[in-house]
Amino acid sequence: MGSAGRSTTTEDPAAPRQGAPGTGDGTAPSARPLPRVRAAAGQPGAGELLRLVRSGRATTRGALQEVTGLSRATVGQRLGRLFRAGWLREEAGPPADSPLGGRPALRLEFDETHAVVLAAALETRHARTALLTLGGEIIAEDTGPLTVEDGPEAVLGDLGARFGELLRATGRPAASVCGIGLAVPGPVDTATGRVVQPPMMPGWDGHDIRARLRRALTEALPATSALPTTATSTALPDPPLPILPGLPVLVDNDANLMAYGEQRAHYPHCAAFALVKVSTGIGAGVVVDGAVYRGIDGGAGDIGHIRVPQGADALCRCGAHGCLAAVASGGAVARRLTEAGVAAASGSDVRALLEAGHPEAVRFAREAGRHVGEVLATVVTLLNPGVLMIAGDLAGTPFLTGVRELLYQRALPRSTAHLEVVTSRLGERAALIGAATLVVEHLYAPGRAEERLAALGV
């Protein structure tokens, strides 16, 4: 992209796709009767049929009739709307499993190519941006320095410019973008998309991130390629618009989106999943029954500000003394290394030292892991998760060893009997994939899908 320290790739990596959920007993979905869908009000609409196809629960017209109780003609009418919008396709399935032969059933599939998603993961000192398919595959991405303390106007303006460059680099039409997902290192009120008293994001409290990011992207694009509103699809494009008043922009905490991305991609059957990100700060994301748990106003998972005895004299960035982040985050380890005569300014510097096997970095990371493990013993006892994932700059063997030492000492055996303690599988792309997945789930949820179909006039 021309900027020092930034790297851009345009590729199709083997990013995991969301497969059809299993039945839980080893029985193929087609081998037993499918339970009926109960509509909240009236008959299941096109949005509900789309959900059934996307989940893998019903992927033929006959299966949709069986699950919904709708007639063949009604199912056909509902599917017609989805075909006209370009959201579904119908292709020949495998050969019929019958000694009498016969034509294979036509299978319904969600068309993941009819639109794309823009996503960004904002850290304290750098940012990742990407263009993704609706299935979560990264088409192109860019990584480069960006300082969150520069404030929302400058930072979001830069992100908009990077989004524009990704579209130009891939030759994707702006009209194919259906939404934007943004991960930020602070608590977020997801109803408004605004961060709430973020310790590591000075000047961001209450800022209208959605409006600023829409405006930044508009400014980054030629006037003739302005983006559509939420109703637009590549199948039925609207005339170019001068602004982006309706483009969905979903903002969430980075640990939440990392947890969501990892759980959906690799642990879809885990009903209680927890991820702890340890980088410049410490935060946790929790996914329960497939949905992010955020608390009342987005503050759930902020474990970095739990007080610990070891940090009684340590000043945290939030202004308090004794926070876990003040003694066990990547920033805290960097400070200890600096005091010991080893140059380290941030969690990313600590990661580089750990990768090089620096003995002091290894020792301090293990100690930090023990502090975090002591807090996680309470978290695990409270949540009883099936998977506890450690991610971020310190997520290596020394830190993980420290976590396990204290976690298994302090937590009840009942709470850890079926617990997997693992490290990230999506790595630095977790928040990007989680952000894109959140956008897709929002736009194609039954109620929202019905609204968009109506706006399209199909």
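Any value given below was found using the heavy atoms of this structure, including those in side chains, with hydrogens, waters and symmetry copies removed. Throughout, residue positions are numbered sequentially from 1 according to the sequence presented.
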Test item: [X] side-chain N/O and [Y] main-chain N/O as donor-acceptor pair under 3.5 Å:
X	Y	result
E262	L426	yes
T147	E149	no
H207	I209	no
E450	A46	yes
D393	S279	no

Would you list the atom pairs, donor with acceptor, under 3.5 Å between side chains in residues 280-287 and any protein atom, with sequence neighbours excluded?
{"residue": "T280", "atom": "OG1", "partner": "T124", "partner atom": "OG1", "Å": "3.3"}

What is the minimum heavy-atom distance between [X] and [Y], and which atoms define it?
X	Y	result
T381	S415	CA-OG, 3.6 Å
A130	L432	CB-CD1, 3.8 Å
A391	S424	CB-CB, 4.0 Å
N253	V188	N-CG2, 3.7 Å
C323	H305	SG-ND1, 3.7 Å

TODO: Inspect the contact between E48 and R51 and indicate whether a charged nitrogen and a carboxylate oxygen are less than 4.0 angstrom apart.
DONE: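 Judged by the 4.0 Å cut-off on N to carboxylate O distance, R51 and E48 do form a salt bridge.
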Task: Residues D158, R162: salt bridge by 4.0 Å N-O rule - done: yes
Open item on the list: Walk me through whether R404 and L400 qualify under side chain to side chain contact (heavy atoms under 4.5 Å, CB included).
Closed with: CA-CA 6 Å; R404 285 176 167 153; L400 191 63; 3.7 Å; yes
Open item on the list: Between Y444 and H114, does the ring-ring contact (aromatic ring centres under 6.0 Å, His included) criterion hold? Intermediate values first, please.
Closed with: CA-CA 13 Å; Y444 297 93; H114 75 267; 5.7 Å; yes
TODO: Find the distance between OG1 (T129) and CG (L159) and round it off to the nearest 0.5 Å.
DONE: 7.0 Å
Task: Separation of D142 CG from L131 CG (nearest 0.5 Å) - done: 12.0 Å
- [ ] Show the numbers, then the answer: is there a side chain to side chain contact (heavy atoms under 4.5 Å, CB included) between T59 and E109?
- [x] CA-CA 7 Å; T59 58; E109 294 181 355; over 6 Å; no
Open item on the list: A cation-pi test, strictly: NZ or CZ of R335 under 6.0 Å from the centre of the six-membered ring of F364 and no more than 45 degrees from its axis. Yes or no?
Closed with: no
Task: Q409 atom CD: more than 12 heavy-atom contacts under 6.0 Å - done: yes
Task: Sole candidate of V116, T437, I139, I433 that passes side-chain contact (heavy atoms from CB on, under 4.5 Å) when paired with L132 - done: I433
